[in-house]
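Each remark here refers to the structure printed beneath this line.
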Amino acid sequence: MYPLEVRSEPHPPYDVVLPDALGHPVLGFRNGYWFHIGRDGPARPLCARTAIIGHPESAGPIVQVMCWWMREHHDHPQAIDLGTELALTVGEMSRRLHARGPAAW
């Protein structure tokens, strides 16, 4: 499902790069896939769930980028995979929030 290729260059070209709180690149998105990017080594592929849950401060932009890409590449096989990942992640997060009760909302 995810490319296993790990490139040796520190920052291959991405469609979108999201920074951390200090402005350093932390997530890259290319061809329907998220990557953890940083100064600590080569880019590593991430599933959408890991990108969203692992970077809650960027959850909105992560989802927005995924939706943009799916709309622009609706006929690409990865588009349905991204949509499925997004749906499963939202379902999981909703169940967790519901289990905490109305006070968590």
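Each residue takes its place number in the sequence, starting with 1. Just the heavy atoms: all of them, side chains too, but no hydrogens, waters or symmetry mates, feed the values below.
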- Mind checking what makes side chain to side chain contact (heavy atoms under 4.5 Å, CB included) contact with His24, not counting sequence neighbours?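 For His24 the side chain to side chain contact (heavy atoms under 4.5 Å, CB included) partners, ignoring immediate neighbours, are Asp20, Leu22, Arg39.
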Euclidean distance, [Y] [atom2] relative to [X] [atom1], rounded to 0.5 Å:
X     : Y     : atom1 : atom2 : value
Met70 : Leu82 : CE    : CG    : 6.0 Å
Leu86 : Asp81 : CG    : CG    : 12.5 Å
Tyr33 : Asp15 : OH    : CG    : 13.0 Å

- Message: Would a single hydrophobic cluster contain both Ile80 and Ile52, if residues Ile, Leu, Val, Met, Phe, Trp and Tyr are joined by side-chain heavy-atom contacts under 4.5 Å?
- Response: no
So, for [X] and [Y], which heavy atoms are closest and what is the spacing to 0.1 Å?
X     : Y     : value
Met66 : Ala48 : CE-CB, 3.5 Å
Ile62 : Ala51 : CD1-O, 3.2 Å
Pro19 : Ser58 : O-OG, 4.3 Å
Tyr14 : Ala43 : OH-CB, 3.2 Å
Val17 : Pro25 : CG1-CB, 3.6 Å
His55 : Val26 : CE1-CG2, 3.7 Å

I'd like a table of donor-acceptor pairs (distance under 3.5 Å, sequence neighbours excluded) in which one partner is a side-chain atom from residues 88-96, with atom names and distances.
from  : atom 1 : to    : atom 2 : distance (Å)
Thr89 : OG1    : Glu85 : O      : 2.8
Glu92 : OE1    : Arg49 : NE     : 2.8
Glu92 : OE2    : Arg49 : NE     : 3.4
Glu92 : OE2    : Arg49 : NH2    : 2.8
Glu92 : OE2    : Arg96 : NH2    : 2.8
Ser94 : OG     : Val90 : O      : 2.9
Arg95 : NH1    : Gly91 : O      : 3.2

- Query: Within 45° of the six-membered ring axis of Phe35 and under 6.0 Å from that ring's centre, is NZ or CZ of Arg44 located there?
  - Reply: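 Geometry flag: not set, cation outside 6.0 Å or 45°.
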- Kindly assign one of parallel, tilted or perpendicular to the pair Phe29 and Trp69, based on the angle between their ring planes and the thresholds 30° and 60°.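 Judged by the thresholds at 30° and 60°, the geometry between Phe29 and Trp69 is perpendicular.
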- Is atom CD of Glu57 surrounded by more than 12 heavy atoms (other residues, nucleotides or ligands) closer than 6.0 Å?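 Yes, CD of Glu57 has more than 12 neighbouring heavy atoms, counting only those of other groups under 6.0 Å.
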- Message: Are more than 12 heavy atoms, taken from residues, nucleotides or ligands other than His98, located less than 6.0 Å from that residue's NE2 atom?
- Response: no
- Task: Check whether any side-chain heavy atom of Val63 lies under 4.5 Å from a side-chain heavy atom of Trp68, and answer yes or no.
- Result: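 Not touching, per the 4.5 Å side-chain cut-off.
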